[in-house]
Amino acid sequence: MQENQYIAVQKSPAVHGNIAIQGSKNSALALVAAACLNDNVVHLKNVPDLRDFRLIEKMLAKVGIHTSREAEEFLVDARLATDYVLDFDITADFRASYYFIAPLLKKFKKVTLSYPGGDDFGSRPIDQHFKGMKKLGARIEPEGSHYTVYADNLVGTEFHFEVVTSGATINLMLIATLASGKTTFTNCATDPEVVDVANFLNLMGHHIVGAGTDTITITPNQNLHIHELKYTVIPDRLIAGSLLMLPGIVGGDVTITNAIPEHLASLLFALEDMGLEITRTSTGITSRKVGSINGMRLVTGMYPLFATDLQQPLTALMLYADTPSSVQDNVYYNRFSHVEELAKMGIHLGRQNNVAFIHGHHYRDLVADADVNCRDVRAGTCLLFAALGAEGETRLHDVKHLFRGYENLVGDLSSLGINIELRQEVEV
Ligand SMILES: CC(=O)N[C@H]1[C@@H](OP(=O)(O)OP(=O)(O)OC[C@H]2O[C@@H](n3ccc(=O)[nH]c3=O)[C@H](O)[C@@H]2O)O[C@H](CO)[C@@H](O)[C@@H]1O
Ligand SMILES: C=C(OP(=O)(O)O)C(=O)O
């Protein structure tokens, strides 16, 4: 359906309102896979209703793993898994497909799947996943666009990540629960999503220590009590962080009622540095425009440094600052698809390798009447936010990318007072 739709936005009045944030997409993707490791039903709360999860449901149904949505819960029951080959088209269509290696290795000691998809911002290697699996004793056979992992005898080991990667840290943590004996990983990612998955594995009865630090040990428990589990996914820090930027662009205030401030520390400092008033309370985070917005020099890095996923949305705020800014993405050097699209709105950023330069101020009187394409979820957020400060109408196409991250984007923004509409594309 989203193939035939576009979003139209006009210059927005000051925003006011409260939003409760959906569950984290990136955490829930891993938790659904982790739930498939349990030998009984798992009830996950806060799994967002997004395309990746609909793909997962279809992919798992094909191998006999039952999932369903009942009331607020996403149910997973992997007890009757029937096949070790995951659909090639589906596994190539989203990033987190590699998290399903562990549950199928558990059942069949082998699994075949495609190389992962996800947002395209240049090279997204999975060499650390492969190196870690091999160190645990797996054998990997590439076969064109797909590969098979064989794991007859996984043995606990020590593995040092050459690159800090959240995906590989989570994936290898899941696979290490299948090994005999203890595994120690060093140079791990410390993201909240890693901690969320470790907490769930501990709830299952495994013994994971150190998640959230650079050293994680996994002592698997092969005599788990087999019972139903309930677990709640953490709120989505990337959506919370993005929405907190809005007052800086159009004025007003936004309160996120269920965010976890520690997960957003580097963003909140950046927003304060840019001149927003940020209030952290036990019930949420409020961002309010109280004066002019300053530019800043932003550098991304792995958690707890500034998240690469938030640099594109923050670029939109930088457009409306009084002084220039720069954004250096050290995680994905080519995560700049918004730059070409902003140019269609008359917003010209400089770009040198992995750094974008934003003049600021200059765009305050911008008049836009433009059609732009959302090429990935966070680039789409940048375009949408940039358009909210410009006179005239901006039409965002390829919204399927945008909706990959947001469960209720149009509803949430409308509730804040933003003039946003979902329209049908006209067939030509
Ligand atoms: C589904 C999901 O959770 N997606 C998030 C996850 O992606 P994803 O898990 O794919 O990203 P990683 O944390 O793995 O990537 C971090 C860095 O490590 C590099 N790398 C990664 C794996 C590997 O085997 N070799 C390697 O060199 C990557 O190129 C990148 O430069 O974290 C990214 C970085 O915070 C976010 O932008 C994505 O939103
Ligand atoms: C890049 C993202 O997702 P994925 O890793 O699933 O492509 C994202 O959520 O910004």
Side-chain angles (χ1 to χ4, degrees), residues 22-34 48 50-53 55-56 91-101 115-135 140 147 159-175 185 187-197 233-234 236-242 263 266-267 300-314 328-338 354 374-382 400-407 409:
Q22 69 188 54
S24 157
K25 164 177 82 75
N26 291 345
S27 219
L29 287 166
L31 285 165
V32 172
L50 299 172
R51 178 175 182 272
D52 280 13
F53 297 93
L55 286 178
I56 287 172
T91 45
D93 205 3
F94 72 110
R95 189 72 203 155
S97 51
Y98 44 50
Y99 292 150
F100 293 87
I101 291 172
Y115 294 95
D119 278 345
D120 178 11
F121 22 77
S123 156
R124 297 185 74 179
I126 55 168
D127 58 307
Q128 298 302 302
H129 300 246
F130 280 13
K131 283 187 179 176
M133 283 191 257
K134 285 180 187 164
K135 190 81 201 299
I140 301 169
Y147 60 99
F159 179 74
H160 182 80
F161 289 98
E162 292 159 7
V163 183
V164 181
T165 137
S166 57
T169 301
I170 290 173
N171 200 11
L172 293 176
M173 214 163 57
L174 296 175
I175 295 170
F185 292 120
N187 201 26
C188 297
T190 60
D191 301 53
E193 294 76 18
V194 173
V195 178
D196 211 18
V197 176
V233 180
I234 55 172
D236 196 308
R237 64 189 166 108
L238 305 175
I239 296 187
S242 300
H263 293 177
S266 54
L267 172 79
T300 75
M302 293 302 286
Y303 191 87
L305 300 180
F306 194 95
T308 165
D309 309 67
L310 288 171
Q311 62 88 348
Q312 291 159 298
L314 197 72
Q328 176 173 341
D329 197 325
N330 283 346
V331 180
Y332 290 112
Y333 284 20
N334 282 313
R335 201 169 190 173
F336 290 102
S337 72
H338 54 296
N354 63 330
C374 306
R375 303 211 211 148
D376 61 69
V377 48
R378 315 297 163 192
T381 311
C382 172
K400 61 178 186 295
H401 290 293
L402 201 42
F403 287 132
R404 222 168 65 67
Y406 297 87
E407 205 173 31
L409 177 69

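Indexing begins at 1, ligand by ligand and atom by atom, following the structure's order. In this chain, numbering begins with 1 at the start of the sequence shown.
- With 3.5 Å as the limit, one finds no donor-acceptor pair spanning the side chains of Asn354 and Asn334.
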- Item | Candidate pair Arg375 and His338, rule side-chain contact (heavy atoms from CB on, under 4.5 Å), full reasoning | CA-CA 8 Å; Arg375 303 211 211 148; His338 54 296; over 6 Å; no
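- Tyr406 and Thr381 form a side-chain donor-acceptor contact under 3.5 Å, judged by distance and modelled atom types alone.
- The ring-ring contact (aromatic ring centres under 6.0 Å, His included) test with Phe121 singles out one residue from Tyr333, Tyr332, Phe336, and that residue is Tyr332.
- Side chain to side chain, Thr300 and Asp329 meet the donor-acceptor criterion of an N or O pair below 3.5 Å.
- Residue-level contacts of ligand 1 at the 4.0 Å heavy-atom threshold are Asn26, Leu29, Arg95, Tyr98, Arg124, Pro125, Ile126, Asp127, Gln128, His129, Val163, Val164, Thr165, Ser166, Gly167, Met302, Thr308, Asp309, Val331, Tyr332, Arg335.
- Contact shell of ligand 2 (protein heavy atoms, cutoff 4.0 Å): Lys25, Arg95, Gly118, Asp119, Phe121, Arg124, Asp309, Arg335, Val377, Arg378, Arg404.
- Ser24 and Asp236 share no donor-acceptor pair across their side chains, judged by distance under 3.5 Å alone.
- Ring pair Tyr98/His129 is tilted by interplanar angle, where 30° to 60° counts as tilted.
- In this pair, Phe185 and Phe159 present their aromatic rings perpendicular. The plane angle is above 60°, beyond the 30 to 60° band.
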- Query: Do Arg51 and Asp93 pass the salt bridge (charged side-chain N to carboxylate O under 4.0 Å, His left out) test, and can you show the C-alpha distance, the side-chain angles, and the key distance before you say yes or no?
  - Reply: CA-CA 10 Å; Arg51 178 175 182 272; Asp93 205 3; 2.6 Å; yes
